[in-house]
Amino acid sequence: MQPHVRPVPGQFYLLRASETLDPLLRRPFSILMWDDTHLEFLIRLKGRGTHLLRNMRVGDRIDVLGPLGNGYPDPLKDETPILVAGGVGIASVFPLLHAGTRLFYGAMNSAELYLLDDIKKLTGNIFICTDDGSKGFKGNAVERLIESLDDLAVAKPTIYACGPEGMIAALLKFLSERGIPGYISFEERMACGIGACLGCVIKTVQGYKRVCKEGPVFNVREIVC
Amino acid sequence: MQPHVRPVPGQFYLLRASETLDPLLRRPFSILMWDDTHLEFLIRLKGRGTHLLRNMRVGDRIDVLGPLGNGYPDPLKDETPILVAGGVGIASVFPLLHAGTRLFYGAMNSAELYLLDDIKKLTGNIFICTDDGSKGFKGNAVERLIESLDDLAVAKPTIYACGPEGMIAALLKFLSERGIPGYISFEERMACGIGACLGCVIKTVQGYKRVCKEGPVFNVREIVC
Amino acid sequence: MNLSVNIGKLGLKNPVMTASGTFGYGEEYAEFVDLASLGAIVVKGLSLLPREGNPPPRIVETPAGMLNAIGLQNIGVESFIEEKLPFLRQFNVPVIANFFGDSVDEYVAAAERLSDVQGIDGLEMNISCPNKQAGWLVFGTDPEVTSEVVSAVRKVTGLPLIVKLSPNVTDIALMARVAEDAGADAVSLINTLSGMAIDIKTRRPKLANITGGLSGPAIKPIGIRMVWDVFRAVNIPIIGSGGIMDGDDAIEYMLAGAAAVAVGTANFVSPTATVDVLSGIKDYMTTNGIKDISSIKGGLIWEREDL
Amino acid sequence: MNLSVNIGKLGLKNPVMTASGTFGYGEEYAEFVDLASLGAIVVKGLSLLPREGNPPPRIVETPAGMLNAIGLQNIGVESFIEEKLPFLRQFNVPVIANFFGDSVDEYVAAAERLSDVQGIDGLEMNISCPNKQAGWLVFGTDPEVTSEVVSAVRKVTGLPLIVKLSPNVTDIALMARVAEDAGADAVSLINTLSGMAIDIKTRRPKLANITGGLSGPAIKPIGIRMVWDVFRAVNIPIIGSGGIMDGDDAIEYMLAGAAAVAVGTANFVSPTATVDVLSGIKDYMTTNGIKDISSIKGGLIWEREDL
Ligand SMILES: Cc1cc2nc3c(=O)[nH]c(=O)nc-3n(C[C@H](O)[C@H](O)[C@H](O)COP(=O)(O)OP(=O)(O)OC[C@H]3O[C@@H](n4cnc5c(N)ncnc54)[C@H](O)[C@@H]3O)c2cc1C
Ligand SMILES: Cc1cc2nc3c(=O)[nH]c(=O)nc-3n(C[C@H](O)[C@H](O)[C@H](O)COP(=O)(O)OP(=O)(O)OC[C@H]3O[C@@H](n4cnc5c(N)ncnc54)[C@H](O)[C@@H]3O)c2cc1C
Ligand SMILES: Cc1cc2nc3c(=O)[nH]c(=O)nc-3n(C[C@H](O)[C@H](O)[C@H](O)COP(=O)(O)O)c2cc1C
Ligand SMILES: Cc1cc2nc3c(=O)[nH]c(=O)nc-3n(C[C@H](O)[C@H](O)[C@H](O)COP(=O)(O)O)c2cc1C
Ligand code: FES
Ligand code: FES
């Protein structure tokens, strides 16, 4: 592999495993880890595209486009970043983990909690939750955040989050009620990934914005639910 | 693999390697060799379907439909079968080879002559030809047949042939001029392979007939050029 | 689980039919499929007299689809009745005769003859073929001609009459209304889209007939849209087709408004496609707690003011 | 090797154009493609005033294709001229402004304004959009309305005028003749086919707009057929599009009658698709000893009496 443009946390790549005309479009995935010659992704099997990726073998060629999108902004000096992830959304915030970073991580059940060992190597401040209680707190990551945030007593908490729709909706509600700043990585169907097709928009206070170009990370203040 | 219906020489199978919707249709291939648990094919790389077949690896699932079509009829008691093959057409007549069978086998060049070692194990009566003279007689298999047939002085020669269009046309002309009987395996685009779509017809004296059902082997007397 | 549906007065035990021209006369698939398990068998399009069809090549694969220019080759109404129908009558499955003509008179004569025999349970008129009297015009693209030919056939048959619409039109809903007004008991759509492919090496058309009909998964989005357009325009049942490969595709057509579905090109990809579609439909019903398949017809949830 | 072609009085250095709406305003692809190497850049469809477009989801993948319902989101003619055109003018490449309106007046006003500035080399009218005055009717499906709107635009512009035809019609050749008679210098086809997809779990349309436009390889056979139909019907040049993924596809369109080609959905699959198509065309010319690309236009070899 050739040396590549280094991504920043929260950016994503478009991958294509298919060599035929079906499936046709590339699939977007957040960058998980990287070094000079490797890119690593965490991919949850969903439909045809991810299954084709799963069936690839060492030595197969994959078509990679990226890094794309904006990535997470750095927290201001006096802010304390708090990460919130749901399921495979951990991939997006994982590169933000540093020694001691606080992470609220939830999933439907323990089988959908990924990378726990890698996470634990980086930080002990993890709040694990599962909907079915099979691991950690029984409930979702946002409920846990709401319960714990005041107790944590951190200075200027700033949320960095990625997860499924329901979690994001609850999070947005909480952050806006409490006036807490935050950055959330959004998902939308994509074709081009480079801002040309206008396929991937979400509603913001300034009208539709492209998840692949102005996003995937948006300031919570921009978002219109 | 489950025990399968045993094919007869000249029959074919429809194979499908693709698991996606493109390419969509199965591809027809003559049966080359078989036993209780194996089927063997000789496949020349042509377009997308054959390239997908090539990329398969041991353990991959392949979708197999067959045996299909009629296959070659047995020669009559007093007839002497003579096989004529062009390039990959050898696959079709290969199962007819017995000790001593006469085979005229031609190709563009020596690289497109297949299975020579296997053939030689079965018979010494081989007449090899290449268009470029890189192996054997310089010229095509039909020219060679025309030149040699009388010298062979066989009783009631009956031709069994499979090969490219040009070769088949020359062969049909020669056989009809000389009134020699013969059976030729034809190729036509196929969809269903089982006689339902009427996609694979060729012109015969009794109107269009289906290569997949009434063929692929036709009596030379039936064919309208 | 109730899988039965009605196409006019014709009751089917389940909504999975075969698409004309892709299932031969039924017998070709008998070794792969229990014919009695199907909702109905629609046979290859028949004309009054036998037809030779087009010269080969008749088939080309295209991206996620195929073009065909069979040219309506068939053995003719009489041979069908004598040679093919007795086989089909052995099975407990409705037989629908797809038919066509080059003139209104030919349509009428074929319909009359087919209505005259035991063992044919319904007629499907294919109006996607050229009208000899009107030159290149096709019966299924000019509303007036469509109305004339459907009305004429309606007069001579008491069998359930399905009109199979051409998708090569500006306004499919209009064509469906015309068929309904002319007496059709149901409409069937979509037939193939007119298409073409060229061999760039030889510079010749890949089909001897130059153009052909596009079918297969490639056209499914167009079929779904047209069924939905027609569903909002007529009161008679719709038989949906176009790229149905599995049970999920069939459900998609039914949510758009189809009462039943026809499986076409999928039979070529897998000879058990029809029964696989049926078991996929059952799986969906089980998973989603659906007791009666008819309850999902037109069940698309949507809100838009401008439609 | 001569790759240059003419679209009316507009000379292109090669026949590879971008398809409107798939190449943004050009700048999005500047890091992947040397814009000056293209035949022409056709920008995203512009309206007099900016448009918000449809709510998401706007995109669905389909077998060998995709549906889009962007809803003609664009920054409007004025912002285009101020913010986007200066960037494009840096490159030695013709810029074609694709535009549309909800009424004849809006078409005329947009065309007038776009004809008024330096740096726009041609206009492409998209007539596949709904006509507010005529309810659901689309400018591109009723010959009388098409004639009216094209004539009106022709009167106010001296720029080469390309009319982009809708494929959702019974007779595309008729629509092309209407455009030619109304003063078009060229026609461009095909735009997307109207299609739809349903999520069977939620029973909702996969696109917020319910229906969308089908593009990509799936529709290529329809595009080729329509270009061939139009080629035999008009004398003005044709810009072919619909599923062009590589040089071979482009050659296929040119053999059917296209003078130039537009690359659309392929840009999403590979951002270098346009230049890859161009080099594929060159390879074909080399392999086949073709000196002048124009010599293959309409070079399909065919014989049939009934057409
Ligand atoms: C910016 C971004 C980052 C992402 N990062 C990750 C990640 O790190 N790991 C991971 O497992 N998944 C990630 N996803 C989701 C991932 O893109 C989808 O799961 C994947 O595209 C599904 O493809 P499929 O063919 O398996 O599923 P199918 O459902 O068959 O896909 C059909 C179509 O829908 C699109 N699609 C389906 N689900 C989504 C979705 N959630 N978001 C956007 N498009 C979708 C596909 O791209 C495809 O075009 C991310 C999505 C976005 C937008
Ligand atoms: C009865 C029969 C037996 C055959 N036996 C053999 C064999 O033993 N070994 C072998 O290498 N080839 C054989 N062929 C030819 C083989 O089917 C084609 O080479 C193959 O289908 C090409 O597929 P592709 O996707 O690689 O090529 P593409 O050109 O991409 O195929 C496009 C389409 O055209 C069809 N097609 C292309 N060439 C042919 C052809 N010659 N005949 C029929 N359809 C064609 C394909 O099936 C496909 O539908 C046989 C063909 C027939 C009809
Ligand atoms: C090879 C072939 C032959 C067909 N013959 C007929 C026919 O005789 N009469 C008819 O009404 N439709 C005919 N059709 C159209 C199909 O019945 C069906 O409407 C169409 O193919 C779309 O469905 P599909 O995409 O599932 O194939 C034919 C289609 C194919 C592919
Ligand atoms: C996302 C998208 C947006 C499009 N926007 C426009 C547009 O604004 N104006 C227009 O005339 N055509 C538009 N089109 C149609 C394309 O220009 C092209 O005609 C069509 O997609 C067929 O070509 P393809 O199959 O190569 O994509 C759009 C197509 C797509 C996929
Ligand atoms: S995916 Fe095309 S603009 Fe975002
Ligand atoms: S391939 Fe269908 S009839 Fe032969």
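Predicted model, so just to flag it, every value in this text is computed and none were measured. Protein chains get the first letters and strands the later ones, always in sequence-line order, with residue 1 at the start of each. Heavy-atom basis, side chains included; hydrogens, waters and symmetry copies ignored.
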For this session: Can you check whether anything in residues 73-98 of chain D gets within less than 4.5 Å of chain A, heavy-atom wise, and list it by number?
Result: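 The residues closer than 4.5 Å to chain A, in numerical order, are Q73(D).
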Problem set entry | Within residues 56-70 of chain D, residues adjacent to chain A where the heavy-atom gap is under 4.5 Å | P56(D), P57(D), R58(D), I59(D), E61(D), T62(D), P63(D), A64(D), G65(D), M66(D), I70(D)
If you count the non-hydrogen atoms of other residues, nucleotides and ligands that lie under 6.0 Å from [atom1] in [X], is the total more than 12?
X       : atom1 : value
E165(A) : CD    : no
M108(A) : CE    : no
R61(A)  : CZ    : no
E52(D)  : CD    : yes
R6(A)   : CZ    : yes

Problem set entry | Contact leader toward chain D among C200(A), G49(A), P23(A), G207(A), where contacts are heavy-atom pairs under 4.5 Å | P23(A)
Exercise. Which one, L65(A), I194(A), D63(A), leads in non-hydrogen pairs under 4.5 Å with chain D?
Worked result: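 Heavy-atom pairs under 4.5 Å are most numerous for I194(A).
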Problem set entry | Rounded distance [0.5 Å steps], SG in C192(A) versus CZ in F32(D) |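 One gets 9.5 Å once the value is rounded to the nearest 0.5 Å.
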Exercise. In Å, rounded to the nearest 0.5 Å, how long is the span from OG of S270(D) to CZ of R26(A)?
Worked result: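 Nearest 0.5 Å value for the OG-CZ distance: 6.5 Å.
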Seminar exercise, completed: Of G216(D), G24(D), G26(D), the largest count of non-hydrogen pairs under 4.5 angstrom with chain A goes to G24(D)
For this session: Would you mind telling me which of G53(D), P55(D), G21(D) has the largest number of heavy-atom pairs within less than 4.5 Å of chain A?
Result: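 Highest number of heavy-atom pairs under 4.5 Å: P55(D).
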For this session: Tell me, for Y25(D) versus chain A, whether the close heavy atoms (under 4.5 Å) come from the side chain, the backbone, both or neither.
Result: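 Answer is neither: Y25(D) stays 4.5 Å or more from chain A.
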Problem set entry | Side chain / backbone / both / neither for P271(D) at chain A, heavy atoms under 4.5 Å | side chain
Problem set entry | Non-hydrogen side-chain atoms of L24(A) and P217(D) separated by less than 4.5 Å |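 The answer is yes; the side chains approach within 4.5 Å.
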